[in-house]
Structure formats: C-alpha cells, structure tokens
Amino acid sequence: MSKKIEFLDLGQQPLANYYLNKSQIKKKEQKYRLIVCFNNQNKLVFIKKTFSSKMMFNNKYPYRSSMSKTMQKSFKELAKQIKLKINPKKILEIGSNDGSFLKNFKKSMSIGIEPCANVEKITKEQNFNTIPKYWDTKLAKNILKKHGNFDLIYSANTISHIKDLNDVFKSIDLVLSKNGTFILEDPSLIECLKRNTYDQFYNEHIYVFSYLSLNNILKKFNLEIYKIENLDIHGGSNRYFIKRINNKIKIEKSVIKQKREETKYGLNKKNTYFKFTKRVQESKKKLISIFKYCKSKNKKIIGYGATAKSTTILNYCNINDQTIDYFLDTTKDKQNKYTPGTKIKINQYKGSIKEDVDYVFLGAWNFKKEIFKKEKKYIKAGGKFIIHTPYPKII
Ligand code: JHZ
C-alpha cells in the first residue's frame, strides 16, 4: 500500500526565486509550509505543497546557468562525451535555460525547450531553435509532428521541477527514438542526506531523486537506467543515462553500485529520513549559534550567492537583514532586489570581495571551489566564510 510519510518540516517559506523590489518589501509575501515527505512504496522523496509551473517558471525567472564556470565546464565535457559515444543526429534539451548546454552543438541539430520566456529569449537571440513552452505531452506531440524523433534528449535540473512525472515520461516515450538515450541530471538524494543539505528542498524542487525511486517510475514507461555518473555539481548530482528496456545496451556497473549504496544507506527505509531530520534540526541550532557568536563580537557578515537554496536556510533559521548586511551576486536580475522572506539586499558583485567584512555566508556553497579560487585575496587576508554543509562551521 502506498504510504506518504511526512518527515521534515522546514517551516513557513516564501517562493524561492521571488526576489523582492524595494516597493514589495513592506508588503505581505505569499508563504507556504515546506514539508518533505517519503513515499515508502515507490521510494520517492517530495515536497507536500506544490505550486503551478506558471507561478514558478515565467518571464521573470532570475536563474541563469551560465553564471558559473563550473556549470559551463560540466556542459562542455558532457557534450564532448555525447559526441564521442552517442553521436546523435538530433538533440532535444528540456529546460535549456540560457543555452549553456545547447551552445556546444550545431544550431541545426538541436532544439531547446524553455518555458521562462525572458531566459529563452537569450538563447533564441543567438539563433538557436528554442520553444518557450512547458514540457508536456501536448508539446511532445507537436514536436514529434514537426521534427520527428530525437536520438538524444537531455534535461538538467528540470525534471525534478515538474509535478506530473507520469506526463513527463509519457512525453519522453513519445519523442525518444527506438535506440535513443535520455540523459537526466538532478541533485542526488543520498548526497543531500549525507551532506545535510536540507536546502535542496524548496518549492521548485518538487522531488529529490534517488536511483531507487527513479527506476520504479521509469519501469512503467518501459524505460530503464543503464549508466549513472556521480557529479559534484550542485552539491552532488546524478547523471542518469536512460534507454528503452528492449534496447540491448548493457547495464553498466555504475547502476549496480548506486543501487547497492542507496540500499545500504537505507534510502528505502523511513527511519533514514527521521535520522536526517534530527541532523537538520541540529544544523539549524548550530548555524544560529555561529551567527549569534559573530554578531556578539560586532562582526560584519555578508552573503555570497543569493541562491534559491539559501531561501530555505535563511527562512528556516530566521536569519534576516539584522544578521546579514547584504548579499553579493553576479546575476543582474537579482541585483538591487531583496531575498524572499528575509529581505536582505542583494548587491552587484564587482569582481572580488572588496568590502571590509569579517564573515561571508556562502549561499552558493555548491560552487565553493570556484568561489575560493576567485577570492584568494580575501582568504589570504584572513577573511572567513560561514558554511552550513556538511555541518555549520566557520572556515
Ligand atoms: P545556484 C537554481 O538554484 C534554481 P540556485 C533551480 N531550481 C535549480 O535547480 C538550480 O539552480 C540548478 C551566484 N554566483 O546555481 C549566481 C555568484 O554570485 O547554486 C547565482 O545567483 N558568484 C533551477 O539558485 C547563485 O550564486 C559566483 O562566483 O540554488 C548560484 O545559484 C557563482 C559561482 C555564483 O542555484
């Protein structure tokens, strides 16, 4: 019997990517209770309250995948691998954002689907073939009629954002060619639990997938995973290579390994999730005590990378503009706005941490390596960061 178990309550939260204008900060924001659940039948981990795609992904969407060198490099390397090992004739990308992946392929062979018209426009302006629509069976049927099947479909950080997974995979089944590959990339549940990154949960991340849960869903559509790459991207992601069950490609060892690891860790058991909840509650206490300690010493704290993820942390731990003076961020559409719920100003990042600050809260902790490389001068001068994963500390 299907059973949904609520295991984590992250409190009242605003919509993660809803950065506020100055005129909006005095107004009441829409909030919801962020509760995370586990389905002990199909092993899916998901958030209880969801919002429509239209509400989350529209022509005001601020996220750009091109804002990090790490992402650009990852897309470039994947494109190289695809050309070498799969050599597709036609590529479809679901959730193409600002074209960071597509730009590695010939314009004539690729199509990008991106429902956020303001972001889609960026890729279209570079003469890529992009469609500003949501991925569903209606669109899949139209694409099939107009362009035929695709031998490669790629989707990074998008499928976990779509509520109706049955419709998602039905649509994939419609357009994927007989021997085609669907590459799906999303944050990894086991890494989220190991690293205590509860901030992977927010309104856009409806699901955080494991191999165990994905495989259960894919079976219904005669699809299966034949290879898995564990990536460090976004704090630990998995890249799943998916094929039709009757396609004879060998299932690689990486799949067996992932299954073994997830089972050993207990991703199929509810107790694992309740243990995680305890760690998250401890993490909250510790992070609050670090901020309190810094403030008691009259230290200046700023934030670095106003991420969607940090919306969860800041609101769950009640950290607002009384604690963090402002955030620095490279994204134009976030600058001069305020963080959702906690109303911390976001300033333009000007090439390095130039300000006289004592501590920098790392909102974009998933790009720690890239950021530390950039901020050598600040670190050399004794500058410190506050980070919440795997446990809150000053580094
Ligand atoms: P980043 C978004 O989440 C939303 P976020 C979405 N739901 C998702 O799944 C992931 O992306 C993929 C800034 N930055 O990538 C840029 C600097 O300022 O962790 C971004 O605003 N300086 C679709 O928002 C933010 O940090 C830098 O040097 O959690 C990073 O956001 C770097 C590297 C980034 O995703």
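Quick caveat: nothing in here was measured; it's all calculated off a predicted structure. By convention here, the first residue in the shown sequence is residue 1. Just follow the structure's listing: the first ligand is 1, and inside any ligand the first atom is 1.
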- Message: Tell me whether K49 forms a cation-pi arrangement with F51, defined as NZ or CZ under 6.0 Å from the six-membered ring centre and within 45 degrees of its axis.
- Response: yes
Between the protein and ligand 1, which nitrogen or oxygen pairs come in under 3.5 Å, and how far apart is each?
| residue | atom | partner | partner atom | Å |
| --- | --- | --- | --- | --- |
| ligand 1 | 3 (O) | Y202 | OH | 3.3 |
| ligand 1 | 7 (N) | H161 | NE2 | 2.7 |
| ligand 1 | 7 (N) | Y202 | OH | 2.9 |
| ligand 1 | 7 (N) | E204 | OE1 | 2.6 |
| ligand 1 | 9 (O) | H161 | NE2 | 3.2 |
| ligand 1 | 9 (O) | H205 | NE2 | 2.8 |
| ligand 1 | 15 (O) | Y63 | OH | 3.4 |
| ligand 1 | 18 (O) | T330 | N | 3.0 |
| ligand 1 | 18 (O) | T330 | OG1 | 3.3 |
| ligand 1 | 19 (O) | K309 | NZ | 2.7 |
| ligand 1 | 19 (O) | N366 | OD1 | 3.3 |
| ligand 1 | 19 (O) | N366 | ND2 | 2.9 |
| ligand 1 | 21 (O) | D329 | OD1 | 3.0 |
| ligand 1 | 21 (O) | D329 | OD2 | 2.8 |
| ligand 1 | 21 (O) | T331 | OG1 | 3.2 |
| ligand 1 | 21 (O) | K334 | NZ | 2.7 |
| ligand 1 | 24 (O) | A308 | N | 2.8 |
| ligand 1 | 28 (O) | K374 | NZ | 2.5 |
| ligand 1 | 29 (O) | A308 | N | 3.3 |
| ligand 1 | 29 (O) | K309 | N | 3.3 |
| ligand 1 | 29 (O) | K309 | NZ | 2.8 |

- Item | Partner residues of N196 under the side chain to side chain donor-acceptor pair (under 3.5 Å) criterion, sequence neighbours left out | R279
- Query: Can you check whether N87's main-chain N or O pairs, donor with acceptor, with K83's side chain at less than 3.5 Å?
  - Reply: no
- From D325 atom CG to K299 atom NZ, the distance as rounded to the nearest 0.5 Å: 13.5 Å
- Applying side-chain contact (heavy atoms from CB on, under 4.5 Å) to D167 and not counting sequence neighbours gives D136, T137, D164, S171
- Message: Among residues at least two apart in sequence or on other chains, which ones pass ring pair (Phe, Tyr, Trp, His ring centres under 6.0 Å) with W135?
- Response: none
